[in-house]
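Because only heavy atoms are used, hydrogens play no part in the values below, and waters and symmetry mates are left out as well, while side chains stay in.
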Amino acid sequence: MAGVVAGRGQAAPLHLCLEGVARVLVAAALLGTAGCDNMKRQEYLRAQTASAHLPRGTSAQLPPPHTVAHDPARPDAPFLTGERDGKLLDRIPVPLTLALLARGRERFDIYCAVCHGPDGDGRGIVVQRGFPAPPSYHDARLRNAPVGHFYQVMTRGYGIMYPYADRLTPADRWAVAAYIRALQLSQHAAVGDLAAADRAQLPPP
């Protein structure tokens, strides 16, 4: 049985009412899209041309007050390349702080430890499951390598290791390089290198 809707003293079939509602909704949608045409066809302004829509009457606008220009590092800057005058950097080009080492450890544990191991010995969890082992950071070759070497390996990849430049910012790569140096020192430091307060906390020999 077809449904009916009462209206002004007479009944109308329900399907006719629904058709009317649908027409109204379609018309409203079409009217709504007509108002977006100005987004498709916008006025194009060339540099230094006049414009009545902008405060200075020209397409060229001044930066807001107190704007500070930010000059990014040059593409060949040692901070971005890991080298200077064609030679790998032997010092990290950022201040060496506890915060930097903490950041380096965090990034290392996320991206590096799975292969290189948490101690840098090259026996990470995926290596224990058959992945080719990377060299240990504690090998003499890598202990004597310039710190720029580690930065460039993270940037460009090396052997079967793919680049991490899309995962680690330049600042994070230097943080990881600093932490690698800390790992190397931790395995080859002498007791005499420690401060007296730290030596006092060591267990007796």
Side-chain angles (χ1 to χ4, degrees), residues 66-205:
H66 313 297
T67 299
V68 178
H70 176 69
D71 185 17
R74 291 167 51 93
D76 59 349
F79 175 78
L80 296 179
T81 64
E83 60 185 38
R84 179 181 284 109
D85 299 328
K87 295 183 179 180
L88 293 171
L89 296 181
D90 57 2
R91 290 181 178 273
I92 296 171
V94 294
L96 184 58
T97 63
L98 288 177
L100 182 75
L101 290 174
R103 177 69 177 180
R105 179 177 182 176
E106 179 196 39
R107 299 291 96 181
F108 182 92
D109 288 346
I110 293 171
Y111 294 108
C112 312
V114 291
C115 289
H116 291 276
D119 298 326
D121 58 6
R123 296 196 295 265
I125 190 69
V126 296
V127 173
Q128 297 175 34
R129 284 159 173 74
F131 194 77
S136 170
Y137 289 136
H138 309 296
D139 291 349
R141 177 179 66 86
L142 291 181
R143 283 195 290 122
N144 295 321
V147 71
H149 166 77
F150 302 105
Y151 177 88
Q152 287 196 351
V153 167
M154 285 181 271
T155 303
R156 304 173 183 173
Y158 190 90
I160 61 173
M161 173 180 161
Y162 51 78
Y164 277 79
D166 61 336
R167 297 165 176 82
L168 294 169
T169 65
D172 279 344
R173 277 172 258 163
W174 285 119
V176 171
Y179 183 66
I180 291 172
R181 280 292 190 241
L183 286 177
Q184 292 173 328
L185 181 62
S186 71
Q187 301 300 312
H188 298 277
V191 174
D193 296 333
L194 299 175
D198 294 329
R199 289 199 301 269
Q201 299 181 31
L202 294 176

Apply side chain to side chain contact (heavy atoms under 4.5 Å, CB included) to Leu89 and Trp174, showing your working. CA-CA 11 Å; Leu89 296 181; Trp174 285 119; 3.8 Å; yes
Atom [atom1] of [X] with >12 non-hydrogen neighbours under 6.0 angstrom:
X      : atom1 : value
Tyr111 : OH    : yes
Arg181 : CZ    : yes
Ile160 : CD1   : yes
Arg105 : CZ    : no

[atom1]/[X] to [atom2]/[Y] distance, rounded to the nearest 0.5 angstrom?
X      : Y      : atom1 : atom2 : value
Leu168 : Cys112 : CG    : SG    : 6.5 Å
Arg173 : Gln152 : CZ    : CD    : 10.5 Å
His149 : Glu83  : NE2   : CD    : 13.0 Å
Gln184 : Tyr179 : CD    : OH    : 12.0 Å

Looking at every heavy atom in both [X] and [Y], which two are closest together, and how far apart are they?
X      : Y      : value
Gly122 : Pro134 : O-CD, 3.6 Å
Val127 : Ala133 : CG1-CB, 3.6 Å
Arg103 : Ala175 : CG-CB, 4.2 Å
Gly120 : Leu183 : N-CD1, 4.2 Å
Val147 : Asp90  : CG1-C, 3.8 Å
Leu100 : Pro95  : CD2-O, 3.5 Å

Contact between [X] and [Y] at the side-chain level, heavy atoms closer than 4.5 Å - yes or no?
X      : Y      : result
Ile110 : Glu106 : yes
Phe108 : His116 : yes
Arg141 : Pro135 : yes

Side chain to side chain contact (heavy atoms under 4.5 Å, CB included) for Leu96 and Leu101? Distances and angles first, verdict last. CA-CA 8 Å; Leu96 184 58; Leu101 290 174; 4.2 Å; yes
Look only at the side chain of Tyr151 and the backbone of Phe79, and say whether a donor-acceptor pair between them is shorter than 3.5 Å.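 Yes, because the side chain of Tyr151 sits within donor-acceptor range (under 3.5 Å) of the backbone of Phe79.
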Using modelled atom types only, decide if a donor and an acceptor are shared between the side chain of His138 and the backbone of His188 within a distance under 3.5 Å.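 A pair under 3.5 Å: no.
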Contacts of Asp76 that satisfy side-chain hydrogen bond (donor to acceptor under 3.5 Å, both in side chains) - sequence neighbours left out: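 Partners of Asp76 under the side-chain hydrogen bond (donor to acceptor under 3.5 Å, both in side chains) test: Arg74.
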Could you walk me through whether Ile180 and Leu142 satisfy the side chain to side chain contact (heavy atoms under 4.5 Å, CB included) test, starting with their C-alpha distance in whole Å, then the side-chain angles of each, then the deciding distance to 0.1 Å, before giving a yes or no? CA-CA 10 Å; Ile180 291 172; Leu142 291 181; over 6 Å; no
Ion pair check, Asp121 and Arg123, cut-off under 4.0 Å: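 Salt bridge between Asp121 and Arg123, a charged N being under 4.0 Å from a carboxylate O: yes.
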Sequence neighbours left out, what pairs pass salt bridge (charged side-chain N to carboxylate O under 4.0 Å, His left out) with at least one residue falling in residues 183-205?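 Applying salt bridge (charged side-chain N to carboxylate O under 4.0 Å, His left out) to every pair that reaches into residues 183-205, excluding sequence neighbours, yields nothing.
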Using the six-membered ring of Tyr164, assess whether NZ or CZ of Arg167 lies under 6.0 Å from its centre and within 45 degrees of the ring axis.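 That pair qualifies as a cation-pi contact.
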